[in-house]
Number of protein chains: 2
Amino acid sequence: MSESAIRRLSLYLRALEEMGDDGEEIVSSRLLAERVGTTGPQVRKDLSLFGSFGTRGLGYAVRPLRVRLRDILGLSRRWSVALVGAGRIGAALVAYPSFRERGFEIVTILDNDPEKIGTRWNGIAIGPVERMEEAFRRNPAEVAILAVPAEAAQDAADALVRVGVRGIMNLAPVRLRVPEGVAVKHVDMAVELESLSFALRHLVR
Amino acid sequence: MSESAIRRLSLYLRALEEMGDDGEEIVSSRLLAERVGTTGPQVRKDLSLFGSFGTRGLGYAVRPLRVRLRDILGLSRRWSVALVGAGRIGAALVAYPSFRERGFEIVTILDNDPEKIGTRWNGIAIGPVERMEEAFRRNPAEVAILAVPAEAAQDAADALVRVGVRGIMNLAPVRLRVPEGVAVKHVDMAVELESLSFALRHLVR
DNA sequence: CTTCTCTTGTGAATGATTTCACAAGGATTC
DNA sequence: GAATCCTTGTGAAATCATTCACAAGAGAAG
Ligand SMILES: NC(=O)c1ccc[n+]([C@@H]2O[C@H](COP(=O)([O-])OP(=O)(O)OC[C@H]3O[C@@H](n4cnc5c(N)ncnc54)[C@H](O)[C@@H]3O)[C@@H](O)[C@H]2O)c1
Ligand SMILES: NC(=O)c1ccc[n+]([C@@H]2O[C@H](COP(=O)([O-])OP(=O)(O)OC[C@H]3O[C@@H](n4cnc5c(N)ncnc54)[C@H](O)[C@@H]3O)[C@@H](O)[C@H]2O)c1
């Protein structure tokens with residue numbers, strides 16, 4: 001059950017959610033594949049990892065598959081999220097409504113800048129990062145978004161693990177070391193840009 | 001020459017840049033691997049795709065390898081970048097100094113909100129997206145960052161391709177269709193969060 | 001100059017992921 | 001209710017990526 005299969009499930013779910021509103025009842029693996037940029041067999045393989053949800057000769061019923069995928073991905077519950085680092089990227093994330101709509105609710109915001117501490121973002125008071133434990137007692141979170149400067153990221157991650165966070169989405173350009181059982185996803189825009197640069201290096205100018 | 005190999009090169013380069021400042025002269029594949037979270041053999045395989053830069057028995061000289069990696073990744077030149085979508089995420093990106101430091105310079109910002117058009121961000125006047133062609137004549141860009149709402153993303157991408165952009169980093173949660181020869185990298189935080197959710201689904205509460 | 005140490009560079013082996021091909025089997029038609 | 005159509009579900013094959021093992025070879029030491 002590869003990482004990439006899981007990411008595709010997430011894309012299938014998104015496609016299904018967009019479809020549902022168009023009133024489609026049934027979708028074939030071929031059509032779903034086209035929506036997310038893969039192939040029919042790939043879709044079927046991915047889904048078959050978790051059971052068989054289609055009807056032969058017909059396809060997949062949109063709504064039930066959607067429910068099933070949400071379930072598989074662990075999205076049939078809500079996740080509480082702590083944001084550490086109330087900077088520019090943090091501000092964009094807090095103001096972004098889609099995460100909440102998809103079940104990820106930012107319940108805690110922490111920073112170490114005295115100027116920021118106490119101000120409210122989206123109804124949430126920014127707390128001092130030194131008092132993480134206290135903040136988590138009030139508003140526990142299973143997941144954290146880490147948006148502090150690179151130098152501060154490892155310490156912040158350690159603290160997050162200490163207060164019980166089991167998953168971190170890291171935006172800082174550093175590889176985090178975390179104990180077994182803690183999941184980290186790294187969003188690294190510099191790497192994305194550099195792999196664009198690699199792709200273009202001979203094509204342009 | 002896989003996508004993932006290229007991404008690792010980018011991480012090796014970052015590690016080397018951090019090291020150089022520490023005054024390390026030589027680094028072994030083992031050490032470099034540790035820094036980026038992979039293995040020695042993997043580092044050597046990745047590098048050997050492009051030549052042999054090390055000395056047996058010793059390791060890799062930091063500075064020359066850095067230069068070589070920059071070259072391989074197409075980073076020994078500067079890239080001009082257009083930002084389309086001057087929203088919250090766009091604001092964070094424009095204010096973020098690291099991209100420029102690593103050779104990616106935002107030279108054009110476009111939006112379709114009359115309120116925003118004409119205001120200056122970081123010294124750059126936000127232009128109307130309808131006049132993309134004109135904006136590109138003044139400030140051409142090879143690369144674009146796309147940070148518009150999902151519904152607008154495909155149209156914006158089409159327009160970017162028309163004015164000659166060859167690489168797009170897309171932040172909107174949609175799969176873009178682009179012609180052959182145009183590279184797209186998709187930064188999809190919702191997918192990241194959902195794959196965290198998958199990893200935690202049975203571990204938490 | 002020879003030996004010893006150490007780490008690279010790389011073919012071969014292993015492992016993972018994707019693609020393929022097709023039997024299985026519901027739905028629809030006549 | 002039989003025949004036809006169509007798309008799923010899935011082993012097997014092919015491709016792709018990583019790991020391994022070790023010969024090659026540079027430098028240090030004696
Ligand atoms: N802004 C972007 O577009 C962008 C893009 C890619 C990656 N990133 C990365 O995301 C991270 C945040 O970037 P940003 O642009 O929002 O930076 P920023 O400087 O605007 O924000 C960082 C915030 O973290 C806070 N902070 C610093 N040390 C802290 C600590 N120890 N504990 C808690 N809070 C702390 C600061 O007070 C500040 O509010 C950085 O690692 C950056 O490299 C940012
Ligand atoms: N904010 C986040 O944290 C976040 C996280 C993940 C993904 N995203 C994605 O990034 C994109 C931008 O998000 P945001 O939060 O900055 O949204 P936003 O609404 O703050 O900004 C979008 C900007 O695009 C402009 N725009 C709209 N249509 C346009 C068009 N046709 N041409 C040019 N400009 C146009 C708007 O005027 C606005 O300034 C969205 O697709 C969003 O889903 C955002």
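Letters A, B, ... mirror the listed sequences (proteins, then strands); counts begin at 1. What you see is a predicted model; the values in this text were computed from it and never measured. Worth knowing before you read on, the calculation uses all heavy atoms, side chains too, and leaves out hydrogens, waters and symmetry mates.
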Phosphate-side-chain proximity, [X] and [N], N/O vs OP1/OP2 below 4.0 Å:
{"X": "A:Thr39", "N": "C:dT19", "answer": "yes"}
{"X": "B:Gln42", "N": "D:dT19", "answer": "yes"}
{"X": "B:Ser29", "N": "C:dT7", "answer": "no"}
{"X": "A:Tyr60", "N": "D:dC6", "answer": "no"}
{"X": "A:Arg44", "N": "D:dT8", "answer": "yes"}

Would you kindly say whether A:Asn139 and A:Thr108 are connected by a side-chain donor-acceptor distance under 3.5 Å?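 There is no such pair (donor and acceptor under 3.5 Å, judged by atom type) between the side chains of A:Asn139 and A:Thr108.
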So which nucleotide from [options] ends up closest to the side chain of [X]?
{"X": "A:Arg56", "options": "C:dT8, D:dT18, C:dA23", "value": "C:dA23"}
{"X": "B:Ser52", "options": "D:dT19, C:dT8, C:dG9", "value": "C:dG9"}
{"X": "B:Ser4", "options": "D:dT18, C:dT18, C:dT10", "value": "D:dT18"}

Assign each of A:Gly57 and A:Lys45 to its nearest nucleotide of DNA chain C by heavy atoms, then name whichever residue's nucleotide is nearer the 5' end. A:Lys45
Can you work out whether A:Arg8 or A:Leu58 has the more 5'-proximal nearest nucleotide on DNA chain C?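 Between the two, 5'-proximity favours A:Arg8.
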Ion pair present between B:Arg175 and A:Glu34, side-chain N to carboxylate O less than 4.0 angstrom?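 No salt bridge links B:Arg175 with A:Glu34.
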Counting N and O atoms only, with roles assigned by atom type, does the side chain of A:Gln154 sit under 3.5 Å from a partner on the main chain of A:Arg177, one being a donor and the other an acceptor? yes
May I ask you to decide if the ring planes of A:Trp79 and A:Phe104 are parallel, tilted or perpendicular, using 30° and 60° as cut-offs?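 Ring orientation of A:Trp79 relative to A:Phe104: parallel.
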Whole Å only: how far is the [atom1] atom of [X] from the [atom2] atom of [N]?
{"X": "A:Phe50", "N": "D:dT8", "atom1": "CZ", "atom2": "P", "value": "18 Å"}
{"X": "B:Leu65", "N": "C:dT7", "atom1": "CG", "atom2": "P", "value": "16 Å"}
{"X": "B:Glu3", "N": "D:dT18", "atom1": "CD", "atom2": "P", "value": "11 Å"}
{"X": "B:Leu49", "N": "D:dA17", "atom1": "CG", "atom2": "P", "value": "10 Å"}

